[in-house]
Amino acid sequence: SVVEDAPALTDGFQLVIDALKLNDINNLYVVPGIPISDLLRMAQAEGMRVVSFRHEQNAGNAAAIAGFMTRKPGVCMTVSAPGFLNGLTALANATTNCFPMILISGSSEREIVDLQQGDYEEMDQLAIAKPLCKAAFRILHAQDIGIGVARAIRAAVSGRPGGVYLDLPAKLFSQVMDAAEGAKSLVKVVDPTPAQYPSAEAVNRALDLLKGAKRPLVIFGKGAAYAQADDTIRAFVEKSGIPFLQMSMAKGLLPDTHPQSAGAARSLVLQEADVVMLVGARLNWLLSHGKGKTWGKPGSKKFIQIDIEPKEMDSNVEIHAPLVGDIASVMEVLLKGIEGGLTPPTDWMATVAAKREQNVAKMAPKLMSNASPMNFHGALGALRRVIKERPDAMLVNEGANTLDLARGIIDMYEPRKRLDVGTWGVMGVGMGYAVAAAVESGKPVLAVEGDSAFGFSGMEVETICRYNLPVCIVIFNNNGIYRGTDVNPTGGADPSPMVFVPGSRYDKMMEAFGGVGVHVTNPDELYRAVTEAMDSGRPTLINAVIDPAAGTESGNIGSLNPTSSVRKM
Ligand SMILES: Cc1ncc(Cn2c(C)c(CCOP(=O)(O)OP(=O)(O)O)sc2=O)c(N)n1
Ligand SMILES: Nc1ncnc2c1ncn2[C@@H]1O[C@H](COP(=O)(O)OP(=O)(O)O)[C@@H](O)[C@H]1O
Ligand SMILES: [Mg+2]
């Protein structure tokens, strides 16, 4: 009959789904609406995991951290204009942190946008996205969907990973084409992250510096965690005997309790080291740009830097031995290069270990504090114990005091388990990261949130309940941004802009959506409530009361704040 003879047809909706699935992308982090609602329904019908959020920024953050965790681009899908704009902060944050992510947004018809005739949600999204991401593409014809998706995937993960924008005008989805032709138009990306080995000359230059060093130091950044070269990295550290530092999201690459860890002796090693090897860590503000009093006498250090991005070398200070390549390949060659040729700096390591033990001993009593209302140290002592007992749990962390103190107090034992505000120090990543951490890892998630930080993405507690994710949110409720004691200098009726409703009960928010809400006022209650949540896997929010006076302005980075010389605040 006529139907049987008619060539099978496909369309833009189907080709987008086929192109993503062909490239092993199965999870979508989205906010539905025109023109992507049917695309999402079809994707779900085809077995893709479609996780629907309450705000695109959180969907985008989820996609970005999924990229960091999996080395595959995390995909966020939004509607046009306002939905696209809401996703941009996450796209820019992914690019800043070198997380591979693709923001796919529906958009308005080109002919109306280009004549500025006032389309529904009209905006030239491609032009607006370009400065905020690694690459940006628009697809106008169904037969180009295969190559367009392939381009976006390769751009996101190749070289320095980052954010990519893919613009899909509404009319593209309903375009029809021959199914056989459509299948042929699809592209499975081949080797998007090729091994990139450094030259022998570059390797020897670095090995010479390491062999001549009296006080060497290795600093691992989140690039080293992302590389997933965990065994090679551990072998290099243990064969070389060199002390190491782990930046926030690299913690757990080696256990923070490792005998060569210099985490608790950070000031000493940055001051005294004579050769510093940076592995997937930029000498940016987080490392004081490699200069100033943090780094001891000017010119007292020789730097080795391993990075896939050639332009990162000499970004802040002279790099004496640049090693351009992917961390897995470079560390493999360095490991071979030190076989039998490097004498472990045992005296230096002993000096570092002594300092570390001294600082750990100084901190220990603070972590036993049973004060109620709690201070940060007492509360974090309880959470430190939970993660020690559950090293495979994911830890999400944001805030100021809540972030800065947790970073040093909660030891990590496994790679890619600590997910925090990263390079940009951006608040609001918490719930998006928590959702993706649960979806991508299947492991229980502990999200340790400042009360202000939580507020940026808190509506997603409904998303967490809807998907019944094993997320335990602990809010350090000190009634404010940094602290809860600020006052309005005029004594007027309005509260200080830095404080919130005193005695607020965030746990009631979780109960509103069927999750478990707990209110705790001491570390023992906190420990028990988190343990119960991690055992049950039930969405849980614990309102942990912290003394409003316990914090400091901006945590550890108060010095970045400009202050008035004419007016004392
Ligand atoms: C998007 C965004 N907005 C504002 C800030 C400024 N900011 C803000 C608003 C912070 C919240 C600190 O309060 P908290 O309650 O989360 O943490 P503590 O009370 O424990 O210090 S930390 C910080 O740098 C930011 N980093 N990112
Ligand atoms: N697979 C990889 N191989 C080499 N370098 C990488 C790889 N993945 C990411 N990088 C690099 O790692 C660095 C990460 O640095 P950064 O985000 O500053 O880490 P941190 O904040 O933890 O110090 C970036 O410069 C990025 O180019
Ligand atoms: Mg606070």
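Just follow the structure's listing: the first ligand is 1, and inside any ligand the first atom is 1. The analysis underlying the following values was restricted to heavy atoms, covering all of them including side chains, and did not include hydrogens, waters or symmetry mates. Please read these numbers as outputs of a predicted model, since none were measured by experiment.
Residue-ligand proximity: G428 is placed with every non-hydrogen atom at 4.0 Å or more from ligand 1. Ligand 1 lies out of reach of G455, whose nearest heavy atom is not under 4.0 Å from it.
The main-chain N or O of D24 is found under 3.5 Å from a side-chain atom of K72 such that the two form a donor-acceptor pair.
Looking at F99, W424, Y226, it is Y226 that brings a heavy atom closest to atom 8 (N) of ligand 2. Of the candidates R160, K222, Q246, it is K222 that places a heavy atom closest to atom 20 (P) of ligand 2. Which of F500, F454, Y482 comes nearest to atom 23 (C) of ligand 1 through a heavy atom is settled by distance: it is Y482. Considering each of I306, I308, N97, the one bringing a non-hydrogen atom nearest atom 5 (N) of ligand 2 is I308.
At a heavy-atom cutoff of 4.0 Å, ligand 2 is contacted by both the backbone and the side chain of A281. Contact annotation for F456 and ligand 1: only side-chain heavy atoms (C-beta onward) come within less than 4.0 Å of the ligand. The proximity of N401 to ligand 1, defined as any non-hydrogen pair under 4.0 Å, involves the side chain as well as the backbone.
For ligand 1 and F376, the ligand atoms under 4.0 Å from any heavy atom of the residue are 20 (O).
The nearest heavy-atom contact from the protein to atom 15 (O) of ligand 2 is G280 O, 3.3 Å. Summary of contacts: the protein heavy atom closest to atom 9 (C) of ligand 1 is S452 OG, 3.8 Å. Among all protein heavy atoms, the one lying closest to atom 19 (O) of ligand 1 is N478 ND2, 2.9 Å. M427 CG, 4.0 Å is the protein heavy atom nearest to atom 5 (C) of ligand 1. Of the protein's non-hydrogen atoms, G223 CA, 3.7 Å is the one closest to atom 9 (C) of ligand 2. In this structure, atom 3 (N) of ligand 2 lies nearest to the protein heavy atom I327 N, 2.9 Å. In this structure, the protein non-hydrogen atom closest to atom 26 (N) of ligand 1 is G425 O, 2.9 Å.
The distance between the ring centers of F84 and Y165 falls below 6.0 angstrom.
The shortest N or O to N or O distance between G399 and ligand 1 is not under 3.5 Å. Here's the thing with L286: none of its N/O atoms is less than 3.5 angstrom from an N/O atom of ligand 2.
Salt bridge D231/R234: absent, no basic N to carboxylate O contact under 4.0 Å. Salt bridge present: D411 and R384 bring a charged side-chain N and a carboxylate O closer than 4.0 Å.
Judged by a 6.0 Å distance limit and a 45° cone about the ring axis, R416 is not positioned over the six-membered ring of F68.
Ring geometry for F220 versus F244: interplanar angle of 30 to 60°, hence tilted.
Around the Mg ion (ligand 3), the angle linking G480 (O) with D451 (OD1) is 90°, rounded to 10 degrees.
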